[in-house]
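Note that the structure is predicted; figures quoted are calculated from it, not measured. Labels below follow one simple rule: chain letters A, B, ... track the order of the sequence lines, proteins then strands, and each chain is numbered from 1.
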Number of protein chains: 2
Amino acid sequence: MDPHGAHPSSKPLLETLTARLRNMAHRLTTPRRDILDALRRGAHPMSHRQIHSALRGSCDLATVYRSVHLLESAGLVQRFDLGDGVRRYELLGEDGHGHHHHLVCRRCDRVVELLECFAPELEQRVASQSGYSGVTHRLEFFGTCPACQSA
Amino acid sequence: MDPHGAHPSSKPLLETLTARLRNMAHRLTTPRRDILDALRRGAHPMSHRQIHSALRGSCDLATVYRSVHLLESAGLVQRFDLGDGVRRYELLGEDGHGHHHHLVCRRCDRVVELLECFAPELEQRVASQSGYSGVTHRLEFFGTCPACQSA
DNA sequence: CACCACCTGCAAATCGTTTGCATTTTTTCC
DNA sequence: GGAAAAAATGCAAACGATTTGCAGGTGGTG
C-alpha cells in the first residue's frame, strides 16, 4: 500500500495503448488517442468531464462518453465509482493487470491509490458458493484524510 | 454465505425503527414510517423508485428522496451502489451492525446477499498506513448467475 | 389546543449520460 | 494515391436520477 503515490503501475507508452486498441479491431481516431493520452497522464481516476477539459475541447463531450465506453468494453480502461454519482476511469493493464482500489476522503475528495488487491481469493469463494461465474468485484474505501482531520 | 436467502439479519420491528428515529431528534412522519416499513419488508436493496411504488403513491417521490437521505444520515439505512447509476438502500442495524455485501448478476440483475464482511481488518490496515481516520468501505461482487449462464 | 419549526407536495431546475441524424474521418482495396 | 464502404464525430435534443424553491400542511410541545 502506498499512501502517497499516484497510479501504481508505471505508465505504458501511448503507442502500446493504441496498438492494443487496434488489435481489438477498433479504429484509432484522434479523440481516442487523445483520451488514452489524457488518462496516461492523469494520476487518479478521471471523470468524463475531467477528460474532456484535459483535451481542451478538442473533441465533443459526447465523444468522450462514447470513446470511454468503447475503451472500457475493450478492456483498456477500468471504471471506478467513488460514491458521488460520477463515474471515473483509469487505464488498465493487459490481462486485467493493474486492478486496484482507492481510499477517498469524505470531506475533500482527496484520493489515495491502494496498491494491493485483497479479494481475488474472495472472488473464488463467492463464485463457488453461489454458482455465479466470471465473478469480479468493486471495492473502495472512505475516510477522513489527515489534512481534513485537523481542519 | 447464503446464495439463496434474503437479508441476513432478522427483521426489526417497525416500532424499534421509529423509536430509533425519534431518539435522533427527528420527527416521525407518515412518509418516514411508511418508508421504514417498506424497507423492512423488502428482501433486497431498494431504489427510491421502488420504495415509492411500494408506497403506492402515498407520498411524493421527492419526499422519498428527502426521507431516505435523512434516514441515511441518521444511520438507519445503508446505501449500496450496484453499478448501474441507481442508489439502493437497506436497513442497517444499530451500531452499524448488519453491514454486508452483494453479488449481482450482470445479465439479469439478480441479487444475492452475502452474509460475511471480510474487510474489517483491512479497514484497520488501510487506516493506519494512510493516516486516514474513520475508514469504511464499499464492496460489491458481480458475475453471471446460474440461470443466465445456461441461457 | 394553539404555536412554530419542520415537513410535504408540486413543479421546475440541475446534472450526468445517452441518442438521432447529418457530416467527417478512418480503413480497405484497387 | 484515391474512391467507396464502414464507422466515428459534432451538435443538439432527449432522458433518467436526483435536487430544490416555495406555498401550504403536520407533528409534538407547552
Name each donor-acceptor pair under 3.5 Å that joins a side chain in residues 50-58 of chain B to protein atoms two or more places apart or in another chain, with its distance.
unit_1	atom_1	unit_2	atom_2	d
B/Q50	OE1	B/S47	N	2.7
B/Q50	OE1	B/S47	OG	3.4
B/H52	NE2	B/C59	O	3.0
B/S53	OG	B/R49	O	3.0
B/S53	OG	B/Q50	O	3.2
B/S58	OG	B/L55	O	3.4

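Residues B/K11 and B/G42 come closest through the heavy atom pair NZ-O, 3.6 Å. A pairwise comparison of heavy atoms in B/F142 and B/L82 identifies CE2-O, 3.2 Å as the closest pair.
Aromatic ring orientation, B/H137 versus B/H99: perpendicular (interplanar angle above 60°, classes split at 30° and 60°).
Residues forming a side chain to side chain donor-acceptor pair (under 3.5 Å) with A/H48 (at least two apart in sequence, or on another chain): none. For A/H102, the side chain to side chain donor-acceptor pair (under 3.5 Å) test picks out A/E90, A/H100, A/E113, A/E140, with sequence neighbours left out. Every residue was checked against the ring-ring contact (aromatic ring centres under 6.0 Å, His included) condition with B/H69, not counting sequence neighbours, and none meets it. Here A/D37 pairs with A/R40, A/R41 under the side chain to side chain donor-acceptor pair (under 3.5 Å) rule; sequence neighbours left out. Shown here are the side-chain contact (heavy atoms from CB on, under 4.5 Å) partners of B/S133, two or more places apart in sequence or in another chain: A/T144, A/Q149.
A 4.5 Å side-chain heavy-atom check between A/R106 and B/T136 finds at least one atom pair inside the cut-off.
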* Structure fact -> With sugar-phosphate taken as primed atoms, P, OP1 and OP2 and all else as base, the protein-contact string of nucleotides 24-30 of chain D at under 4.0 Å (heavy atoms; B, S, -) is --BBS--

* To do: Indicate for each nucleotide in nucleotides 14-23 of chain D, in 5' to 3' sequence, whether protein heavy atoms under 4.0 Å reach the base (B), only the sugar-phosphate (S), or nothing (-).
  => ---SBBBB--

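End-to-end axis angle for the helix from C/dC1-D/dG30 to C/dC30-D/dG1, using five pairs per end and rounding to 10°, comes out at 40°.
Contact footprint of chain B on DNA chain C: nucleotides with an atom under 4.0 Å from a non-hydrogen protein atom, first to last in 5' to 3' order, C/dA5 to C/dA11.
Annotation: salt bridge (Lys or Arg N to Asp or Glu O under 4.0 Å) contacts involving residues 63-78 of chain A, sequence neighbours excluded, comprise A/E72-A/R79. Within the structure, side chain to side chain donor-acceptor pair (under 3.5 Å) contacts touching residues 14-29 of chain A (residues at least two apart or in different chains) do not occur.
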